[in-house]
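The figures here come from the full heavy-atom set of this structure, side chains too, leaving out hydrogens, waters and symmetry mates. In what follows, chains are A, B, ... by sequence order, proteins preceding strands, each numbered from 1.
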There are 2 protein chains.
Amino acid sequence: MLSKKCKYAIHALVYLAEKYHEGPVHIQEIAEKKHIPKKFLEAILLELRNAKVLGSKKGKKGGYYLYQKPAEVNLMQIIRLMDGAIALLPCVSLNYYEPCEECRNEKTCGIRDAFSKVRDETLRLLGGSTLDKILKREKLLEGN
Amino acid sequence: MLSKKCKYAIHALVYLAEKYHEGPVHIQEIAEKKHIPKKFLEAILLELRNAKVLGSKKGKKGGYYLYQKPAEVNLMQIIRLMDGAIALLPCVSLNYYEPCEECRNEKTCGIRDAFSKVRDETLRLLGGSTLDKILKREKLLEGN
DNA sequence: TTTAAAGTCTATAGATATAATAGATTAATG
DNA sequence: CATTAATCTATTATATCTATAGACTTTAAA
């Protein structure tokens, strides 16, 4: 399960993708529209900014904006930033690999195979899910 | 990420699948062979027993054994029992559904689609991964 | 140049979940 | 009936997640 932090991040980013051409958006506005605790959102947006996903501007007329194009930001990136590994086991994780304590020799472990496949499929699907696709889908669904 | 509890459960079950025709196996033995804290394993096996995945026998010559055949127990079941939902979002979970607080109307939420697909693929792969397949794979890998 | 608005940063509190342990009880075997 | 091993209840420890508080910094507009 994704953490709340991660869900908040996704929703905030979708909102900012919607406002992509409208300059910086206040934390306050995002928090209200997406029902996210403001102070918590603050920390999340800051993290996304440090990861160069968002840009920010201080002072009056300040706020946050997408630093990358909506077509260049996908769910895989966001989840990795917020929650870490996407794989279900550390021993099959690409970005957060750690050896398993239980299975002595990884080479003969019969469990890893299924989890590698799950990881591959998950990365494929989440990697292909960009902010602009999510936004297009919302527009489509709202149209009905 | 799976919890330790869940990983312990999988390893213990694979071990019991290996000993499928050898009668009850002591907790102590499983704990030692798989390097799992005995008391923690106790709780795990008990839960699997209550879920009718394992059977048990008390007293001398007692222990735990697979109640179902190794081909009938798969990773999907085990994970659901130990960790709950397999889906990454509660609003796309089949067994542990809960509405999302952030998105007001689920019908027009553009985020859910990718996560439904991830869920489907994950269930397919984990559901097909049975204890006997895992065991066969281990024998195969050890053979090389 | 002052002031208000808005992001930045550090610290921490509270809640929840995870992981592990202890001890008393019950059941089966020989 | 004594021994062995599972069962059950309770508790502790640790870690992570979620959220909040408050002081500081930057910017833009009055």
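If you chain together hydrophobic residues whose side chains sit under 4.5 Å apart, Y15(B) and L45(B) fall into the same group.
Atom NZ of K39(A) and atom P of dC24(D) are 13 Å apart (whole Å). Here the P atom of nucleotide dT4(D) and the CD1 atom of I27(B) are 16 Å apart, to the nearest Å. One atom, CE of M82(A), and another, P of dC17(D), lie 12 Å apart when rounded to the nearest Å. Atom CG of L54(A) and atom P of dA6(C) are 18 Å apart (whole Å). Going from atom CD1 of I36(A) over to atom C1' of dA19(D) covers 13 Å, rounded to whole Å. If you take NZ of K60(B) and P of dT4(D), they are 6 Å apart, rounded to a whole angstrom. Between the C1' atom of dA6(C) and the CD atom of E32(A) lies a distance of 14 Å, rounded to the nearest Å. Atom pair L46(A):CG and dG7(C):P shows a separation of 11 Å (rounding to whole Å applied).
Closest contact between the side chain of S3(B) and the listed nucleotides dA20(C), dA19(C), dT18(D) involves dA19(C). When each of dT27(D), dA27(C), dC8(D) is scored by its nearest atom to the side-chain atoms of K58(B), the top-ranked nucleotide is dA27(C). Here the side chain of F40(A) is nearest to one of dA19(D), dA5(D), dA19(C), namely dA19(D).
Between D83(B) and K61(B), the one whose closest nucleotide on DNA chain C sits nearer the 5' end is D83(B). Along DNA chain D, the nucleotide closest to L41(A) and the one closest to G59(A) are compared, and the more 5′ of them pairs with L41(A). Between G62(A) and N50(A), the one whose closest nucleotide on DNA chain C sits nearer the 5' end is G62(A).
Remark: K57(B) is in phosphate contact with dT29(C), judged by side-chain N or O atoms under 4.0 Å from OP1 or OP2. Contact annotation: Y8(A) reaches the phosphate of dA19(D) (side-chain N/O to OP1 or OP2, under 4.0 Å).
Looking at heavy-atom distances under 4.0 Å, L45(B) makes no contact with the nucleic acid at all. Using a 4.0 Å heavy-atom criterion, one finds that K38(A) contacts no nucleic acid atom at all. When heavy atoms are screened at a 4.0 angstrom cut-off, Q28(B) is found touching no nucleic acid atom at all.
For OH of Y67(B), the number of neighbouring non-hydrogen atoms (other residues, nucleotides, ligands) closer than 6.0 Å is 12 at most. Residue E22(B) places its CD atom among more than 12 non-hydrogen atoms of other residues, nucleotides or ligands, all under 6.0 Å distant.
Note on D132(A) versus K136(A): salt bridge recorded, some NZ/NE/NH1/NH2 to OD/OE distance being below 4.0 Å. Remark: K5(A) engages E47(A) in a salt bridge, criterion side-chain N to carboxylate O under 4.0 Å.
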